[in-house]
Amino acid sequence: MVRLGSLLPAVLLACGLVAAEPIPKTDYDVIIVGGGPAGLSALSGVSRVRRKALLFDNHHYRNAVTREMHDVIGNDGTVPSVFRAEARKQIERYPTAHFSNSTVTNITSVGDEDFTIFNVTDHTGKHYSARKIVLATGLRDVLPSTPGIAAAWGKGLFWCPWCDGYEHRDQPFGIISNIADVLGSVLETNTQFSDIIAFVNGTYTPAGEAAAQSQHDKWLEQLNAWNVTIENRTISSLERIQDGGVHRNKTIDEQYDKFLVHFTEGEPIERNAFIINAPTVQYSQLPAQMGLNITNNKIDVVTSSMRTSQAGVWAIGDANSDGSTNVPHAMFSGKKASVYLHVELSREDPASKISKRSGLSEEELVEEASNAIGSGLDRHYKKIMGRH
Ligand SMILES: Cc1cc2nc3c(=O)[nH]c(=O)nc-3n(C[C@H](O)[C@H](O)[C@H](O)COP(=O)(O)OP(=O)(O)OC[C@H]3O[C@@H](n4cnc5c(N)ncnc54)[C@H](O)[C@@H]3O)c2cc1C
Ligand SMILES: *[C@@H]1O[C@H](CO)[C@@H](O)[C@H](O)[C@H]1NC(C)=O
Ligand SMILES: *[C@@H]1O[C@H](CO)[C@@H](O)[C@H](O)[C@H]1NC(C)=O
Ligand SMILES: *[C@@H]1O[C@H](CO)[C@@H](O)[C@H](O)[C@H]1NC(C)=O
Ligand SMILES: *[C@@H]1O[C@H](CO)[C@@H](O)[C@H](O)[C@H]1NC(C)=O
Ligand SMILES: *[C@@H]1O[C@H](CO)[C@@H](O)[C@H](O)[C@H]1NC(C)=O
Ligand SMILES: *[C@@H]1O[C@H](CO)[C@@H](O)[C@H](O)[C@H]1NC(C)=O
Ligand SMILES: *[C@@H]1O[C@H](CO)[C@@H](O)[C@H](O)[C@H]1NC(C)=O
Ligand SMILES: *[C@@H]1O[C@H](CO)[C@@H](O)[C@H](O)[C@H]1NC(C)=O
């Protein structure tokens, strides 16, 4: 006679249940590094579905210097710190959402083939474990060391015509850039400014001309057609002579900054606002330290999910390779990562009864998450319409 007890393992094995290991205990489901719009958006997404999460934020925000934030619908003209504080206040209502003001110094993978697990260390030496990691660590702008540039940054001197520019529209304008990148800036700002001087700082050389030509055919003719004056003298400093934070008209959204550009020789030139082409680098060492794939200073991600080259690790916001650096993108990518990692955690749960729990293909994840995020609704809708 076969007793039930000896039969049970075989039945369970057939169902694939015996192979199911219990979920390892970790302090958190997910740890998010970064409390800018990207990290906050990811935290909101995981908190709504009650994932236990910890967000680290050491208070270095890329747009900290700007007077107001723009092109963020519903928050056009909001001061970034006010925006973040309001977001935190709303997210704090979810009991599974936790915050830390510490700096994360190290993240190591300590998982196995079934479960990704990470050991996160902060600057006080405290350790935390989590099954998923989201990096929302941002970028840093590398500005020229020329005196006056850093002080003007975000306050009359900007890089993004959607963020700034409108408040200085039709005022005397400058482009601080090597000569090859001037036309690109003109193409972005010509609807905001018509009196434009390009301060190319000695780059109007045969090599500079060749670089410009390789980017745009007939670049000089185009600059002439846009009425752009090229100023090739070497810049020695930027001097602020009026503060648009004080001299402004909020009724008509205008700010009246004023600067003198000084050169190593000759007379200075007065301008009210500038765009500058400066490079960016990763703000944090963590992505490189973790050995993530990084191309042109951006963390490589699969843009359908914001996953990095390492299992269980997502990268969102300015830091990732999604090709967009603004607040709406930060929020979009944070939202996307939160959906994908939530689904991945659920798929790793023994209840999902799948044999290969941690190795979901990108395709499978896209399918699952797009259903969760809403595009699957379209198919269901068509099915229902067909039936009735
Ligand atoms: C001058 C200026 C003006 C701008 N204006 C606008 C605008 O008007 N509209 C717009 O859409 N965009 C604007 N931007 C772009 C905008 O700032 C970025 O797109 C946005 O901040 C990206 O959000 P993020 O969350 O990826 O990174 P960030 O906002 O830079 O946040 C990074 C976060 O990571 C944290 N962090 C990093 N490393 C660690 C660590 N090891 N431990 C703990 N915390 C860590 C930081 O403290 C911070 O909380 C502007 C940018 C600049 C430079
Ligand atoms: C952490 O930072 C937030 C602002 O981001 C602040 O409100 C809070 O008081 C800080 N907490 C501690 C313990 O310093
Ligand atoms: C991070 O932690 C790992 C494992 O403890 C260690 O080997 C490595 O040296 C640490 N890296 C840094 C930069 O502290
Ligand atoms: C995390 O790393 C620290 C330092 O390397 C170590 O002491 C600790 O045991 C690790 N924790 C886990 C869960 O791996
Ligand atoms: C101008 O060029 C000099 C080198 O010739 C460089 O040191 C400086 O940073 C540049 N300034 C700006 C504003 O680009
Ligand atoms: C621009 O300045 C550089 C550096 O001073 C110089 O070599 C070059 O000849 C100048 N170009 C023109 C067109 O004057
Ligand atoms: C450039 O200036 C000329 C002469 O003032 C003017 O006719 C032309 O419309 C201007 N072009 C642009 C693109 O502003
Ligand atoms: C702001 O502009 C409006 C409209 O031109 C004008 O009526 C008002 O006086 C201006 N306010 C200030 C403080 O200059
Ligand atoms: C990461 O880089 C390695 C080495 O270049 C490459 O083989 C791998 O495909 C990359 N992975 C991703 C997800 O980009």
Side-chain angles (χ1 to χ4, degrees), residues 21-31 33 52 54 56 100 102-133 144 146 161 165 168-213 216 218-237 261-269 271 275 277 285-286 289-291 310-313:
E21 281 172 37
I23 298 174
K25 275 217 172 316
T26 53
D27 300 330
Y28 298 94
D29 290 323
V30 52
I31 284 179
V33 190
K52 191 178 178 196
L54 174 61
F56 286 92
S100 166
S102 300
T103 299
V104 173
T105 53
N106 199 351
I107 302 178
T108 53
S109 172
V110 294
D112 56 28
E113 55 189 20
D114 285 321
F115 295 99
T116 55
I117 304 173
F118 298 89
N119 188 352
V120 175
T121 310
D122 74 11
H123 75 280
T124 68
K126 216 169 152 199
H127 304 293
Y128 311 79
S129 57
R131 286 171 56 202
K132 305 292 166 193
I133 296 292
T146 308
H168 296 88
R169 61 194 179 278
D170 298 324
Q171 297 173 12
F173 185 59
I175 296 171
I176 301 177
S177 169
N178 65 59
I179 196 154
D181 294 328
V182 169
L183 184 53
S185 291
V186 173
L187 296 177
E188 288 188 348
T189 58
N190 70 83
T191 49
Q192 296 171 316
F193 306 99
S194 54
D195 172 359
I196 303 176
I197 299 177
F199 298 92
V200 301
N201 193 34
T203 62
Y204 196 171
T205 59
E209 289 178 88
Q213 180 62 33
H216 303 274
K218 294 199 164 61
W219 62 279
L220 191 55
E221 287 89 333
Q222 292 191 61
L223 287 183
N224 286 333
W226 288 114
N227 293 331
V228 175
T229 304
I230 300 175
E231 174 55 68
N232 185 44
R233 281 182 289 166
T234 302
I235 302 168
S236 59
S237 70
V261 185
H262 294 281
F263 305 94
T264 49
E265 54 187 303
E267 290 302 302
I269 295 178
R271 296 277 98 180
I275 197 164
N277 288 317
Q285 301 296 313
L286 289 171
Q289 199 174 301
M290 293 169 75
Q310 188 176 335
V313 181

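Just follow the structure's listing: the first ligand is 1, and inside any ligand the first atom is 1. Sequence positions, counted from 1, serve as the residue numbers for this chain.
Scanning all heavy atoms of the two residues, the minimum distance from Ile179 to Glu209 falls at CG2-N, 4.3 Å. Thr203 and Asn232 make their closest contact through N-OD1, 3.4 Å (heavy atoms, listed as atom of the first residue, atom of the second, distance). Across all non-hydrogen atoms, the minimal contact from Ile175 to Val186 is CD1-CG2, 3.6 Å.
Atom-to-atom distance recorded for Arg233:CZ and Phe199:CZ is 8.5 Å, nearest 0.5 angstrom.
Note: no N/O pair closer than 3.5 Å links Thr203 and ligand 6 by distance alone. Checked by distance only, ligand 7 and Asn227 come closer than 3.5 Å through their nitrogen or oxygen atoms. Distances between N or O atoms of Tyr204 and those of ligand 6 include at least one value under 3.5 Å.
Atom 7 (O) of ligand 7 is never approached by the protein to below 4.0 angstrom, counting heavy atoms only. The protein reaches atom 2 (O) of ligand 4 closely, with a heavy atom under 4.0 angstrom from it. Atom 12 (C) of ligand 7 is flagged as protein-proximal [any protein heavy atom, distance under 4.0 Å].
Of the N and O atoms on the side chains of Asn277 and Ser185, at least one donor lies less than 3.5 Å from an acceptor on the other residue.
Among protein heavy atoms, atom 14 (O) of ligand 4 sits closest to Asn119 ND2, 3.2 Å. Here the protein heavy atom with the shortest distance to atom 4 (C) of ligand 4 is His127 CE1, 3.5 Å. Closest to atom 5 (O) of ligand 6 among all protein heavy atoms lies Gly202 CA, 4.5 Å.
When non-hydrogen atoms are compared, ligand 7 lies under 4.0 Å from the backbone of Ala225 (N, CA, C, O) but not from its side chain.
Between Arg271 and Asp195 there is a salt bridge, since at least one side-chain N of the basic residue sits less than 4.0 Å from a carboxylate O of the acidic one.
Ring geometry for Phe193 against Phe173 counts as parallel: the plane angle stays under 30°, on a 0 to 90° scale with 60° as the upper cut.
Judged by distance alone, the side chain of Asp181 and the main-chain N or O of Gly184 form no donor-acceptor pair under 3.5 Å.
Annotation for ligand 6: atoms under 4.0 Å from non-hydrogen atoms of Asn232 are 1 (C), 2 (O), 3 (C), 8 (C), 10 (C), 11 (N), 12 (C), 14 (O).
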